[in-house]
Structures are given as structure tokens and as C-alpha cells.
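Each chain gets a letter, A, B and so on, in the order its sequence line appears, and its residues count up from 1. Atoms considered below: every heavy atom in the structure, side chains included; atoms not considered: hydrogens, waters and symmetry mates. No experiment lies behind these values; they were computed from the predicted model shown.
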Protein chains: 2
Amino acid sequence: MSNIRKVAELAGVSVATVSRTLKSPDIVSPRTRARVLAAVSEADYKPNLMAVQFRSRRTRNLVVLVPTISNTFFARVIGGIQQAAQQQGYSVLLCNTLGREDAERGYASMVTTRQADGVIQLRAYNPFAADAYADTALPMVNACEVLDSPPCPTVKLDNRAAARTLTEHLIDLGHRRIGMIKGPRRSPLTRDRVAGYCDALEAAGIALDERLLCPGDFTPHSGFNAAGMLLACDGRPSAIFCESDEMAIGAIKRVKQAGLSVPGDISVAGFDDITFASFSDPPLTTIAQPAEAFGRQAVSLLIDTLEGRCESPRHVILPFELVVRGSTGSKP
Amino acid sequence: MSNIRKVAELAGVSVATVSRTLKSPDIVSPRTRARVLAAVSEADYKPNLMAVQFRSRRTRNLVVLVPTISNTFFARVIGGIQQAAQQQGYSVLLCNTLGREDAERGYASMVTTRQADGVIQLRAYNPFAADAYADTALPMVNACEVLDSPPCPTVKLDNRAAARTLTEHLIDLGHRRIGMIKGPRRSPLTRDRVAGYCDALEAAGIALDERLLCPGDFTPHSGFNAAGMLLACDGRPSAIFCESDEMAIGAIKRVKQAGLSVPGDISVAGFDDITFASFSDPPLTTIAQPAEAFGRQAVSLLIDTLEGRCESPRHVILPFELVVRGSTGSKP
DNA sequence: TTGTAGGCGTTATCAG
DNA sequence: CTGATAACGCCTACAA
């Protein structure tokens, strides 16, 4: 491996001159520059980034904490993160946490051990809680599912408004008993969406029936099971609002398995607008989220934080859009 | 940030002793060890990994080159990679290449610039082709879609046998005109699967009809479009073999849109057995691949290569399984 | 414009 | 068993 010293010898200059030639070519004389560049290419010299990072005390690595990479929504977010990071000269260290807080803390410590400069957390948990970051800004951005009192910049959807919009769509179709397949209890994201659901019911003068709220875990399987519960309860809902398209796809399967039709007997709506949403049968009515934008925004906020630039707003709300397809229809 | 020197002062020993206490506690006297450990915790000392990496000339980072992270099959592979890497003390630098070779070469150069120790490439392209790695083993493992003359360890499926098995299943159901929605032309993976498809046809005495081979790009959209082509061709197939579940899901949508039923009029089979395969309507007959195992195997092969251990076989073939569900049925 | 030299934090070598 | 010291490769005052 050729290092800067070899190049210097080859060019007959000092290492400082080589370094300068590479970093600010204009402050060395044209003749020297030419000689150095020739030596660089002759030696096939590539700066050792490990050394550069060590010296500059910055790795330009970002840790991404994702609950499950197999979730197609998160996969898109990560795609956005990767793209933005690369554009700004950063690399992405991917960590699949499966929602385990000890794992998250472990990965977050990659920042304290200087393997990475900052963290993008896609879940509502602060893995630095124990650490002291009194003096400097917490090197973290919280995106998608966001803490209630975030100690750092955030990127999220107005989940409450989105859920309200979707619920209103169902109410407009004549539905009065609307089931909801939620995310895990205690999640701020789910709480906000339930609030939006309640907002819509209340505005329409529909009483809340707690039995129509079933928890899931965002997977198709959990949607399938939760739909089974809803079908079994007396006063069966005529519409089901799922907190993710994956659960909606599971729910539709369950509804069909019960010999009912979607949306003929029961309307089903999802959330996220994943690719499969439009290929489902029937195609899913859903709330589209700008998944890649979540990732890109998170990256710029984090890099702003890391580099001390904080002009940009610290708490970003991204827009959603109601996408009406065939899985929802008038109340039978 | 407290460094080893501070700890040494605090404990009243030399930095060497601190380093030794942390690395091999048994070679320092119990008294010293206690003093050092006390100082370590008092100073809340965390070794600076950048420095460690710099000195050891190893980052313990692995670059993963993935064509599209949004593909659920690759997402699972990455999950396996991440899990195995973490267990072995490595981190994963994720790079979404979108199949662009310049991007792949750029990311691969993270190894030559010492940001990472090795590369896991999930596509049939050698991003190091230009580089000279004569003396030492190429720090790469090629998994999933594998080069024909791989310059490194590989992990793959016996794609030819798998495609043959699936095609035979369709032939057993009485199908004689079997369409195939392939991957991109020129891909070794697709070529092998087409070969397996041909093997099965030939064994059954069915002549190959080139018009029944349609290329796609593994997305549901491309499956949808390709199915449209197949439906339009004269001598329409009674079964369609898709090279990915995602394309199969797209194909099913197209078949239904044409007013035909699956499998009543046309059988459709996929490949991969993604989660959505069993939630499709009808549920997909497919070839199950051990996605996470691809990732785990790739990681161990790569680490073996990097650490000079090469006992394990260099070219691993992973098992597949035919999963028969409702999307395939007897020829009408 | 160019060279010299110190230091980033750690570990390994070599004495004591 | 422990301490002093020299690297690792690079950048940047400071000096010439």
C-alpha cells in the first residue's frame, strides 16, 4: 500500500507538499503540482481514509437504527437515507434493531466510540438517554416514529391529521362502525393515529367503541389475526382502518377467508402506500407517505447538527396524501 | 472525551498498563488491574475505535452492494448479513447501487481507501475488475446473483434445478404452454433459470417457444406488463412462471384484469417466497429461498477470507424448496 | 512556495 | 509485572 511518503519520495518533495497538492492544488507551484500528480498516479496513491478520519476526528459515517429492514416502508426510507448520505459524502452503517432497546443502545455507542458521527433513529426511543450530552447537541435525528419530547431534530408525518382524513373518507362512504388495526400499544405514532381516528368519529357524532380497536405489529400476519378478532366481535365493523398496508393486506385475506367481499361487505384501508398496495386485490385505499423524503430530510438535519449548521427547522412535518383505490366502498 | 492517557494519570500508571488491563487483564497484577478499572469507570473511558482501527489497519466494516434495498428478498438477505456481521464484531455499510456499475466501483473503492475491509456483492459484477489484487485474495464475496467465473467465494442457489423443479410442477399439472417472465437479459441468474425451464420442457418432450419468454426487472410493474404481452400472444400460455414473487403478483393482477381467473384459466408461479407470497390472492406457488442464510453465509465466507482462514468451502450452494399454494392448478 | 515537526489515541516492542 | 517509546498515515502550524 503506497502512502503519502512514497509519493513524496517519488516526486522529490516533502509529504506536506503532497498533502497540499491534493487538498488545495492552487497553493503549490504548477511545476511542483505536476510532479506530485505524476507521482500520485505512478504510485497509484489513494489516501488512507482511516488515517484521515482519525486525524480529523470525524468518520463521516451515520448509524441508522431501523426496527425491521424487511418492512417495505422502512426499506424505502433507508433508500432515501443512503442516497442523501452518499450525496453529502457520508456512509450509512445499517443496524437492524428488531426494536430491542439494548441493541439500540449498543449501536448508539458506535458514536461514543467514534465509529460514527451520528445516529438516525426510526423508532421512538432515545438510545442515548443515559449518556451525558449536556454541552453539545445530541448527534441524533428521530424520524418516522417520533418521541413526544424529542431531544433532537425530528421528521414525521402529521399522523393525527392523516388518520382523521382516512377515517373521514370511510365515514363519508357511510360507515359508522369502523374497526382499527393499530400498531403496538404505547407507541406515540399509534396514539396519534388513534387520536385522529377519534377526532373523525367525534366530528361525525359516532361514539367510540373500544372493542373495535385491535393491536397489531405492522406485519401481514398480525393484520390477518386482528381482522379475525374484529369479524368475531358482535356488531362487526363494516370498515377496517389498518395502520399499515402490510396489515391491511393481511386483513383483506382474513375477510375473504370468512367468505366476505372487500369492499362489498367490508371496506379495508391501509397506510403507507407501499408498492404492493396497488397490486393488492382489491387495490388498497391508503395514506401515501413520502418514504424516501423521510430519509433525505433526516440526513440533512443530522448533518446540519453534526456540522453545527442549524438554520433549517428542527422539526419537520412531511405531507401525506389520501389515495383512494378499490378496497373501500359505500357501506352495504 | 477522555482518552487512555487521562485514565493512566488517574490510576497512576502508564498508558501501556491501561491498554494491557483492557486487552488482557490477566497479565497485570490484581492490584493494578483494580486501580485501572476504577479509573476507567471514573473517567467513563471508552476506547476511541477510530484510533484502534487506524493502528490495527482494520475497520471491521463490510460494504454491502445491493441492487435495490426495496426488493423484499434483498431486504431479507441484508437482515441476515447484518445479524451475522454483528455477531462477529463487524458493521455493515449499506450501499444501494441501483445496478449502476460506476456506483458499484465507487463503493468498492471504500476498501482500497480503507473505510471497509471487504465487500459483499449481491449482483453479478466484479467492481474490482480494474484493480490489482494479485498477491492477496480479493476481499469480496459474491452472493445471490453470481458471476460465471467468480474471482472470490460465492453463495448461490442451484437456480437451474429450482427452475426445473417449478416447471416440472406446472407440467405435472398438465400445462404444455408455459410462459416465463424472466429477469433482465444477460443476467447469469436468469440464464440458469431459463436453462432449468428448458430442461423440464425437453424432458417432457415440449418444444421451446421463444415467444413465451418475456423479460422483466423483478418489480410488480414489470410482471404486470410482461403478463400483458403473454396474454396477447397467440397460443396464449396456460401457465406463467415468474422469476420473482413480485413479478408474479404483478402478473396475477394483469391476468385478473383481463377477466381471467388464477389458477382457473391461467396458473401463475413465483420465485423467492417473500412474505406477501402467502397473502396474495390466490396465494403463490413459488420456490422458497433461504434469504437470511444467503446473508449469513456471505458474511462468514468474507470474514474467513479477510482473516486468512479458508477452511470452509469457497462456493456454497443453498437449498431451495418448492412451495405449492393456490396460484397453480390443473390445466383447464 | 516549500519543508520541518508535532500530534491525533492506541498498541507493540523492548527494557527494566 | 510495568514503563518508556516508537510507530500507524495524515494534516497543519510554524519556520524558512
Side-chain angles (χ1 to χ4, degrees), chain A residues 1-40 43-61 89 109-117, chain B residues 1-40 42-61 89 109-117 307:
Chain A
M1 278 302 142
S2 79
N3 58 26
I4 203 172
R5 211 154 308 172
K6 293 226 183 81
V7 177
E9 277 174 35
L10 220 53
V13 299
S14 72
V15 293
T17 301
V18 177
S19 178
R20 277 189 290 253
T21 308
L22 265 16
K23 270 195 92 70
S24 23
D26 39 317
I27 67 166
V28 307
S29 79
R31 292 192 51 240
T32 319
R33 193 190 314 154
R35 271 220 313 268
V36 169
L37 292 179
V40 162
D44 190 28
Y45 169 68
K46 304 270 186 298
N48 180 328
L49 266 300
M50 264 163 70
V52 173
Q53 291 171 0
F54 172 50
R55 194 177 190 291
S56 67
R57 291 134 168 273
R58 301 182 47 213
T59 59
R60 298 191 148 253
N61 288 158
S109 75
M110 295 172 82
V111 172
T112 51
T113 61
R114 313 250 159 202
Q115 289 198 88
D117 299 342
Chain B
M1 278 302 143
S2 79
N3 60 23
I4 204 171
R5 211 152 307 175
K6 292 227 184 81
V7 177
E9 276 174 35
L10 220 53
V13 298
S14 71
V15 292
T17 300
V18 176
S19 179
R20 274 189 291 252
T21 307
L22 265 17
K23 272 197 92 73
S24 22
D26 39 318
I27 68 166
V28 308
S29 79
R31 292 192 51 239
T32 318
R33 192 190 314 152
R35 270 220 314 267
V36 170
L37 293 179
V40 162
E42 183 182 337
D44 190 28
Y45 168 70
K46 303 269 186 297
N48 180 328
L49 265 298
M50 266 162 68
V52 173
Q53 291 172 359
F54 173 49
R55 188 163 202 298
S56 68
R57 294 138 166 272
R58 301 180 49 211
T59 59
R60 297 190 149 254
N61 288 158
S109 75
M110 295 172 83
V111 172
T112 50
T113 62
R114 313 255 162 196
Q115 289 196 90
D117 299 341
E307 303 187 346

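Nearest heavy atom pair, residue B/D44 against residue B/K46, reads OD1-NZ, 2.9 Å. The shortest non-hydrogen separation linking A/M50 to B/R57 is CE-CA, 3.5 Å.
Comparing atom distances between the A/V15 side chain and each of D/dC11, C/dT10, D/dT2 picks out D/dC11 as nearest. Candidate nucleotides C/dT11, C/dT4, D/dT2 were compared by shortest atom distance to the side chain of A/S14, and C/dT4 ranks first. For A/A51, the side-chain atoms get nearest to D/dG9 when compared with the rest of D/dG9, C/dG9, C/dT1. Closest to the side chain of A/N3, out of C/dT11, D/dC10, C/dT1, is D/dC10. Of the candidate nucleotides D/dA6, D/dT12, D/dG3, D/dG3 has the atom nearest to the side chain of B/A16.
In terms of phosphate contacts, A/N48 brings no side-chain nitrogen or oxygen within less than 4.0 Å of OP1 or OP2 of D/dG9. Using a 4.0 Å cut-off, no side-chain N or O of A/S19 falls inside it from OP1 or OP2 of D/dT12. For C/dG9, the OP1/OP2 oxygens have a side-chain nitrogen or oxygen of A/R57 closer than 4.0 Å.
Checked by distance alone, B/R20 brings a side-chain donor or acceptor within 3.5 Å of a matching partner on the base of D/dG3.
Listed for the B/S19 side chain is no donor-acceptor partner under 3.5 Å among the backbone atoms of B/V15. The backbone N or O of B/V36 lies less than 3.5 Å from no partner atom in the side chain of B/T21, so there is not a single donor-acceptor pair.
Between the CZ atom of A/R35 and the C1' atom of C/dG3 there is a distance of 13 Å, given to the nearest Å. Here the P atom of nucleotide C/dG7 and the CD1 atom of B/I4 are 18 Å apart, to the nearest Å. In this structure, CG of B/L49 is placed 18 Å from P of C/dC8, rounded to the nearest angstrom. The separation between B/F54 atom CZ and C/dA12 atom P is 14 Å, rounded to whole Å. In this entry the distance linking CZ of B/R55 with P of D/dC10 reads 16 Å, nearest Å. Note: CE (A/M50) to P (C/dT10) measures 14 Å, nearest angstrom. Atom NZ of B/K23 and atom C1' of C/dG9 are 14 Å apart (whole Å). The separation between B/R5 atom CZ and C/dG7 atom C1' is 9 Å, rounded to whole Å.
B/T112 and B/S109 share no side-chain donor-acceptor pair at under 3.5 Å.
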